[in-house]
Every structure is written in structure tokens, then in C-alpha cells.
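Worksheet: one structure, shown below.
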Amino acid sequence: MSERTVITFGTFDVFHVGHVRMLQRAAEHGDRLVVGVSADALNVAKKGRPPVFTEDERMEIVASLKCVDAVFLEESLEKKRDYILEQGGKVLVMGDDWAGRFDWVSDVCEVIYLPRTPSVSTTGLIEHISSLG
Ligand code: CTP
């Protein structure tokens, strides 16, 4: 029987426990987990600021996790379907902050939204650390 590859996407900046729990739970939906880490330029375009850690650093951190089998750089948000096909993704897992917004790829794979870990986010951490002065 062929391997069931799970794919997920994210920035994973200032890596925190919400990230690790999402990746561990995503991995449970198949045999192999591939993670698309969003490019620095994509974050600048999307959020108006570069991530704290560079794309190379963020990919290195995510790739070091036991539950992650491979990482790649996500350079365009519009190419989700192409990335899923290229990586052989059978299941797309996203946090429920994206609920419904990736249903358009359900013609090429199963789409699952998992609940986020409450009370932690990269944005919150950056604000918290900045407030320490
Ligand atoms: N995630 C999660 N629980 C959290 C934070 C993130 O499950 N508390 C998940 C997201 O749903 C996504 C992945 O981790 O599937 C990567 O999220 P990312 O956007 O990189 O992290 P955030 O902390 O949400 O970043 P930001 O505050 O910049 O939006």
C-alpha cells in the first residue's frame, strides 16, 4: 500500500509549543509529514514585516523535529495545489484559523482543520518580548 503523505504550511517564526503540537497532530494523520515553510518575502508581503528568524533558520528548526520528514520553501500562497501535487500530499492539515479557506484544494487531497493551541502565538510572543523593554 502506498504511503499517506500529510502536508501542512506555516511560517513557524519564533517557534513555540502551538507549532510543535500542530505538527505532531498533523503527523498522526498519515505516515509521512512534509512541511511548507513560508518564504521571508511572502511574510513581508502578507504581514508587512519580515519574520524574526530567516527562512533558512525556520526550515532548519522545523526539519529538526522527530515528527517532520521533509521541509520545503513556500514561495507563493497561490501555488498550494501545485505544492500538494509536487510533494504527493494525500492530506492537507491546517489550523482552524484557516477553517474553510483551503477547501478549494479538496479536489486533489483530503483537507483537515485542527484546533489551535489556545493562548500562544508568534505575534503575541513578539509583543510580549517587546513590552519587556
Ligand atoms: N498554530 C497552532 N496553535 C497556535 C499557533 C499556531 O496550532 N497557538 C498552528 C497554526 O494553526 C498553523 C501553524 O501552527 O497551522 C503555523 O502557524 P503560524 O502562523 O506560523 O504561527 P502563529 O503563532 O499563528 O503566528 P502569527 O501570530 O504570526 O499569526
Side-chain angles (χ1 to χ4, degrees):
M1 225 174 73
S2 69
E3 250 183 357
R4 185 171 149 96
T5 297
V6 180
I7 187 164
T8 191
F9 295 86
T11 305
F12 302 102
D13 191 24
V14 189
F15 197 87
H16 59 68
V17 72
H19 293 151
V20 79
R21 287 184 191 160
M22 176 57 68
L23 293 171
Q24 284 170 340
R25 284 181 298 151
E28 288 168 7
H29 287 270
D31 309 306
R32 187 169 172 271
L33 177 63
V34 180
V35 184
V37 175
S38 61
D40 291 339
L42 206 52
N43 283 275
V44 172
K46 205 170 57 176
K47 297 185 183 174
R49 59 163 174 82
V52 174
F53 295 124
T54 66
E55 59 198 29
D56 288 344
E57 290 166 335
R58 292 180 287 110
M59 284 200 291
E60 186 176 339
I61 290 165
V62 173
S64 74
L65 295 168
K66 228 189 312 186
C67 63
V68 173
D69 295 283
V71 297
F72 67 93
L73 192 64
E74 180 192 19
E75 293 186 279
S76 165
L77 293 175
E78 286 75 44
K79 283 169 84 186
K80 284 266 177 340
R81 187 191 271 113
D82 301 329
Y83 290 128
I84 293 166
L85 292 171
E86 267 166 37
Q87 301 292 332
K90 296 285 184 289
V91 194
L92 170 66
V93 172
M94 297 296 295
D96 63 3
D97 42 329
W98 295 96
R101 283 155 71 190
F102 286 97
D103 292 356
W104 60 279
V105 299
S106 58
D107 55 333
V108 294
C109 68
E110 187 182 335
V111 182
I112 298 175
Y113 302 99
L114 297 179
R116 282 167 67 92
T117 299
S119 316
V120 61
S121 71
T122 296
T123 305
L125 285 169
I126 292 172
E127 283 167 5
H128 178 75
I129 293 163
S130 304
S131 77
L132 299 177

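Atoms within each ligand, like the ligands themselves, are counted from 1 in listed order. Just so we're clear, the structure is a prediction, and the values are computed from it rather than from any experiment.
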Name every donor-acceptor pair, under 3.5 Å, that has one atom in a side chain of residues 56-63 and the other anywhere in the protein, sequence neighbours excluded.
| from | atom 1 | to | atom 2 | distance (Å) |
| --- | --- | --- | --- | --- |
| Glu57 | OE1 | Thr54 | N | 2.9 |
| Glu57 | OE1 | Thr54 | OG1 | 3.4 |
| Arg58 | NE | Phe53 | O | 2.9 |
| Arg58 | NH1 | Thr11 | O | 2.8 |
| Arg58 | NH1 | Ser38 | O | 2.9 |
| Arg58 | NH2 | Ser38 | O | 2.9 |
| Arg58 | NH2 | Asp40 | OD1 | 2.7 |

Please table the atom pairs, donor to acceptor, closer than 3.5 Å between any side-chain atom in residues 70-78 and protein atoms at least two apart or in another chain.
| from | atom 1 | to | atom 2 | distance (Å) |
| --- | --- | --- | --- | --- |
| Glu74 | OE2 | Lys80 | NZ | 2.5 |
| Ser76 | OG | Glu78 | N | 3.3 |
| Ser76 | OG | Glu78 | OE1 | 3.4 |

Quick one: side chains of residues 115-124, donor-acceptor pairs under 3.5 Å with protein atoms, not counting sequence neighbours, listed by atom name and distance.
| from | atom 1 | to | atom 2 | distance (Å) |
| --- | --- | --- | --- | --- |
| Arg116 | NH1 | Asp97 | OD2 | 2.9 |
| Ser121 | OG | Gly124 | N | 2.9 |
| Thr122 | OG1 | Asp13 | O | 2.7 |

*Intermediate values then yes/no, side chain to side chain contact (heavy atoms under 4.5 Å, CB included), Ile112 and Val91*: CA-CA 7 Å; Ile112 298 175; Val91 194; 3.6 Å; yes
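Here the shortest heavy-atom pairing between Val111 and Val105 reads CG2-CG2, 3.8 Å.
Closer than 4.0 angstrom to ligand 1 sit non-hydrogen atoms from Thr11, Phe12, His16, Gly18, His19, Met22, Lys47, Gly95, Asp97, Arg116, Thr117, Val120, Ser121, Thr122, Thr123.
Using a 4.0 Å cut-off between a side-chain N of Lys or Arg and a carboxylate O of Asp or Glu, Glu86 and Arg81 do not qualify as a salt bridge.
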